[in-house]
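Reviewing the structure listed below.
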Amino acid sequence: MSTYVISGGKKLEGVVSVSGSKNASLPILAACVLNNGITKLYNVPNIHDTKVMLDILKYLGCRIKKNRDKIVIDARKIEKYEIPEELMRKMRSSVILAGALIGRFKKATFSCPGGCDIGARPIDLHLKVFENLGINIVKDTGYIQCKCDTIEASKITLDFPSVGATENAILASVFAVGTTTIINAAMEPEIVDLQNFLNKIGAKINGAGTNEITIKGVTNLKDSGYKVMPDRIEAGTLLCAGAITGGNITLKNVIPEHITPVIQKLEECGCSLKIKGDQIMLRSPKKLKAIDIKTMPYPGFPTDMQAIFASILTIAKGTSVIIENIFENRYKYASELGRMGAKFTIEGRTAIIKGVRKLNGANVQATDLRGGAALVLAGLASKGKTRVENIEYILRGYENLDTKLNSIGAKITKEV
Ligand code: EPZ
C-alpha cells in the first residue's frame with residue numbers, strides 16, 4: 001500500500017482547480033449502457049473508482065477509448081449481463097449498473113457490492129425499487145438475479161432518500177412502458193447531473209433536485225456528448241485544507257450553490273468566503289471557532305464532508321459536536337487523528353471534539369476515502385512530518401490530491 005509523507009505547518013496560498021465529480025461520473029458511466037450506440041464523456045476524474053467502473057463496462061462488452069480529457073464508450077456490443085463478484089466487491093457504486101442493465105436488457109445478475117468501511121450499506125431499497133417496476137428478483141449463493149418481460153412504470157416511494165436507489169430507479173425506468181414517479185427521491189446535485197445527461201441522450205426525466213422525479217418511458221436513446229459537473233466534495237476538501245492551515249486560497253471550476261452548507265459552516269468557524277461565478281475565495285481567521293454539525297441528505301450538510309470538517313475542528317477554539325445521521329460507522333478516522341493529538345469522544349453517532357492548540361505529525365493509516373482525506377488535512381496543519389498510509393482509499397476518490405495541494409504550498413511526497 002502507498003503512503004503520503006506530509007511536512008506540515010505551511011499556510012496554503014494560491015489558486016487550484018477542481019476536477020470532475022466522482023459521484024456524478026459513476027452513475028453517468030453506468031447510464032451509457034442504456035444507449036445502444038456511442039457516448040462521449042468529458043471531465044470524468046481519472047481516479048480508481050472510475051477505472052473500476054470502466055473495467056466493468058469493458059467486461060460487459062463495451063468498447064472504451066480514453067484520453068486525457070475524453071472517454072468514448074461504445075455500448076453496441078454488450079453481451080454480458082452479470083457483474084462479476086470481484087469487481088462488485090471493489091466498489092459499492094457498481095450496484096447502479098444493475099439498474100442500467102435491467103433498463104436496457106431487462107436482466108442483470110450481481111452480488112451485494114463492497115465499498116468503503118463506513119457501515120452495513122445494504123441494498124434493500126434498490127431491490128424494492130426493482131420489485132416496484134415489476135422485476136423478478138431471485139437471491140441465491142450471494143448472487144442476485146433480476147429479470148422481467150416488461151418494465152412496468154409505477155409510483156415508487158423510497159423509505160429513505162437513498163442516492164443510489166434513486167439513481168437505480170431512474171436508470172431502470174428510462175425504457176419502461178409509461179411514466180414512473182419516484183417519491184422521497186434523493187435531491188443531491190449528482191442526481192440532477194444524471195438527469196441532464198440522460199435527457200441529452202433522449203430520455204424524458206423531470207424533477208431531479210426535488211424529492212419527486214418523473215421518468216416518461218422512451219423507446220430509444222441517441223449518441224451525444226456530456227461534460228460531468230465539478231466534484232463538490234473535492235471542492236469542500238480543498239476549502240478545508242485552506243482553513244486548517246490558516247491559508248488564503250481560491251478554487252476554480254466549482255458550482256458554489258452545490259456546497260452552500262459547507263460554505264456556511266466555514267463562515268461559522270470564522271473564515272470569510274467570496275463567491276465570483278465558478279470561483280470561491282477563502283480567507284482563514286487566525287484561529288478557527290468550534291461549531292456544531294449535523295449531517296443530512298442534500299441540501300443539508302453532506303455526510304461526505306463530516307470527517308474532513310472534523311479534522312479542522314480538532315484545532316478550533318472550543319468544543320464542537322458532530323452528529324452523523326446518514327451512516328452508522330463513519331468515525332473510524334477519529335482514533336487515527338487521536339494519534340496526532342486530537343481530542344475525540346465518540347458516542348454512537350455523536351462525536352465531541354475538544355479543540356487543541358496544535359496537532360503533531362505522526363504515522364497514521366487511512367481507514368476509508370473521506371477519513372483518509374481528513375488525515376491529510378491534519379498532516380498539513382501539524383508541525384513536523386506525518387505519514388498517511390493506505391492512501392489507496394484516498395486515490396479512489398481524489399484525482400491528484402497531492403499535486404493540487406503542493407501547487408498551493410503544501411509539501412507532500414508519495415511513497416509507493
Ligand atoms: C452515495 O452513496 C455516495 N456514493 C456516497 O459517497 C454518499 O455518502 C451517499 O450517497 C450519501 O450522500 C456515490 O454516489 C458513489 P445512500 P449511496 O444510498 O448511494 C442506507 C463518498 O465518500 N441505505 O444515499 O450508497 C445506507 O446504508 C461516498 O464519495 C439503506 O439502508 O448512499 C446509508 O446509511 C461514500 N438501504 C444511507 O441509506 C439501501 O438500499 C445513505 O445511503 C440503500 C441505502
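Along the sequence shown, residues carry numbers from 1. What you are looking at is a predicted structure, and each value in this text was computed from that prediction instead of being measured.
Residue pairs satisfying the salt bridge (Lys or Arg N to Asp or Glu O under 4.0 Å) criterion with at least one member in residues 124-136, sequence neighbours excluded, are listed as follows: Lys128-Asp159. Within the structure, every pair that satisfies the ring-ring contact (aromatic ring centres under 6.0 Å, His included) test and touches residues 202-259, not counting sequence neighbours, is listed here: Phe197-Tyr226.
Applying side chain to side chain donor-acceptor pair (under 3.5 Å) to Thr295 and the options Gln306, Arg349, Glu324 leaves one that passes, Glu324. Of the options Thr413, Thr386, Ile394, Leu405, a side-chain contact (heavy atoms from CB on, under 4.5 Å) to Tyr4 is made by Ile394 and by none of the others.
One finds a salt bridge joining Glu268 and Lys265 here, because a Lys/Arg side-chain nitrogen approaches an Asp/Glu carboxylate oxygen to under 4.0 Å. Classification of Asp304 and Arg330 as a salt-bridged pair holds, one side-chain N sitting under 4.0 Å from a carboxylate O. A salt bridge between Glu234 and Lys404 is present, with a side-chain N of the basic residue lying under 4.0 Å from a carboxylate O of the acidic one.
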Open item on the list: Apply side chain to side chain contact (heavy atoms under 4.5 Å, CB included) to residues Leu313 and Cys269 and explain how you reach the verdict.
Closed with: CA-CA 9 Å; Leu313 296 174; Cys269 287; 4.1 Å; yes
- [ ] Could you please spell out the steps behind the side chain to side chain contact (heavy atoms under 4.5 Å, CB included) verdict for Ile182 and Ile215?
- [x] CA-CA 8 Å; Ile182 308 168; Ile215 304 102; 3.7 Å; yes
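Residues Leu133 and Ile156 have side chains in contact (heavy-atom distance under 4.5 Å, counting atoms from C-beta outward).
With no hydrogens or angles considered, no side-chain donor-acceptor pair links Thr367 and Tyr393 at under 3.5 Å.
For Phe301, the ring-ring contact (aromatic ring centres under 6.0 Å, His included) partners at least two apart in sequence or on another chain are Phe309.
Between Ile249 and Leu12, the shortest heavy-atom contact is CG2-O, 3.5 Å.
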